[in-house]
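This report refers to the structure that appears directly beneath it.
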Amino acid sequence: MSKLSVVLPAYNEELMVGKTCRVLREVLTEADISYELVVVNDGSRDNTWEEILKAGKKDSNILGVNFSRNFGKESAVFAGLAQATGDVVAVMDCDLQHPPQTLVEMYHLWEDGYEVIEGVKKSRGKESIIHKKCAGFFYGIMSKATKVDMKNASDFKMMDRRAVASILSLPERNMFFRATSSWVGFKTTHVKFEVQEREAGESKWSAWSLIKYAFTNIVAFTTFPLQFVTFAGGISFIGSLALIVYSLIQYFNGHAVEGYTTILIVLLMIGSAIMLSLGVIGYYIAKIYEEVKRRPRYIISEIVSGTKNANAQIKKDLR
Ligand code: UDP
Ligand code: MG
C-alpha cells in the first residue's frame with residue numbers, strides 16, 4: 001500500500017502543532033490512507049519541539065526534525081521533503097489554515113495519476129488593500145517569470161516521489177518552493193481550497209519580512225530587474241541624445257540657457273539612477289555570493305522517529 005508523507009514546517013506553533021497532528025491523524029485514518037507526518041521544528045523559541053515529541057509518543061507515524069536554529073520556512077519544507085519516505089509527499093502549514101480534508105482530495109487525484117497537485121486559494125482571505133496591491137505586484141512579476149499564474153498560489157501541495165526527487169536535486173540554496181513545484185513540470189492539476197482563519201498563535205509575517213521575501217524570491221527566480229536596468233539605461237540614452245541635440249542647436253543659435261539649475265537636475269537624476277541600478281546589480285551579486293558559499297540550507301540537531309529506524313534516518317541526513 002502506498003504511503004503519504006505530510007511535511008509540516010513549524011515555527012513557534014506550540015498552540016497548534018499538537019492539534020494539527022491529531023486532526024491529520026483522524027482525517028487520514030478515516031480516509032484509510034497510510035501516512036507519516038514529518039514535523040520540522042524551525043528553531044522555535046517556544047515549546048513547539050516538546051509538543052512535537054509529545055505528539056510523537058501518541059502517534060508512531062510522526063517523524064520530528066529539530067533545526068539547530070530558525071532557517072525559515074523554505075528550508076523547513078526542504079528538510080521535510082528530504083526526510084519524507086512516502087510515495088507521495090504533501091506540504092502544508094501546521095496552523096490548520098490549509099484544510100486537512102483537501103489533503104484527501106489531493107490524494108485521490110494522485111491515485112488518478114496526477115504527479116503534482118497544487119493547492120490554489122479560492123480567495124486570499126482577509127488582507128488590507130496595501131497588502132493586496134503589493135501581493136498583486138509581486139505575483140505579477142512571478143507569474144511572468146514562471147509562466148504560471150501565481151496569483152492564488154500557496155505552499156499547500158502534494159507531489160509524487162519523482163517530482164520531489166527533482167526538486168531535491170536542484171542545487172540552488174535560495175529556493176522559492178511555491179514556484180519551483182510548477183517549474184519542475186510533471187502532470188499537474190490543482191485543487192481549490194478556502195484559506196481558514198488561524199485558530200491560535202499568530203502569523204509569522206511582518207510587513208518587512210514580506211518585502212524581504214518578495215525581493216529574495218524575485219531575484220531567485222528571474223533576472224527581470226537586471227534587464228530593467230538595461231532598459232532604463234536605453235531610455236535615458238535616447239532622452240540624453242534628444243537633450244544634446246537640443247542644447248547644441250540652442251548654443252549655435254546664440255541662446256544657450258542659464259546652465260546651473262539644468263546641470264544640477266540632470267546630474268542628480270543620473271546619479272540616483274546609477275545608484276539604484278548598482279543596488280539592483282549589487283543585490284544579485286550578494287545572492288551569487290551566498291550561493292557560491294555552498295552553505296547547507298539547514299542544520300539538523302535532532303531527529304526523533306516513532307518508528308525504529310530513526311538512526312537510519314539520521315545517517316541518511318548526515319550523508
Ligand atoms: N514557518 C516556519 N518558519 C518560519 C516562519 C513560518 O516554518 O520562519 C511556518 C509556520 O509555522 C506555519 C507556516 O510556516 O506552519 C506558515 O506560517 P504562517 O502561518 O505564519 O504564515 P501565514 O499563514 O500567515 O501566511
Ligand atoms: Mg498560517
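All values below come from the heavy atoms of this structure, side chains included, with hydrogens, waters and symmetry mates left out. What you are looking at is a predicted structure, and each value in this text was computed from that prediction instead of being measured. One-based numbering, in listed order, for ligands and for the atoms of each.
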Worksheet item: When you measure from the centre of the six-membered ring of F71, is the NZ or CZ of R69 under 6.0 Å away and within 45° of the axis?
Response: yes

Item to complete: Specify whether F67 and Y298 have parallel, tilted or perpendicular ring planes, treating 30° as the upper limit for parallel and 60° as the lower limit for perpendicular.
Response: parallel

Worksheet item: When you check the space around the Mg ion (ligand 2), which protein N, O or S atoms turn up under 2.8 Å?
Response: D95 OD2, Q97 OE1

Discussion item. Quick one: does any side-chain atom of Q97 pair with a main-chain N or O of V195 as donor and acceptor, under 3.5 Å?
Written reply: no

Worksheet item: Hydrophobic cluster mates of V245, side-chain heavy atoms under 4.5 angstrom, ILVMFWY only, any path?
Response: I249

Discussion item. Going by salt bridge (charged side-chain N to carboxylate O under 4.0 Å, His left out), name the residues that satisfy it together with K192, two or more places apart in sequence or in a different chain.
Written reply: none

Item to complete: Would you please classify the geometry between the F193 ring and the F156 ring as parallel, tilted or perpendicular, with 30° and 60° separating the classes?
Response: perpendicular

Worksheet item: What residues come within 4.0 Å of ligand 1, counting heavy atoms only?
Response: P9, A10, Y11, E13, D42, N70, G72, K73, D93, C94, D95, Q97, R198, S203, K204, W205

Worksheet item: In terms of side-chain geometry, is the basic nitrogen of D93 or K73 positioned less than 4.0 Å from the acidic oxygen of its partner?
Response: yes

Worksheet item: Can a salt bridge be assigned to the pair D155 and R178 using a cut-off of 4.0 Å between side-chain N and carboxylate O?
Response: yes

Worksheet entry | Atom CD of Q101 with >12 non-hydrogen neighbours under 6.0 angstrom | no

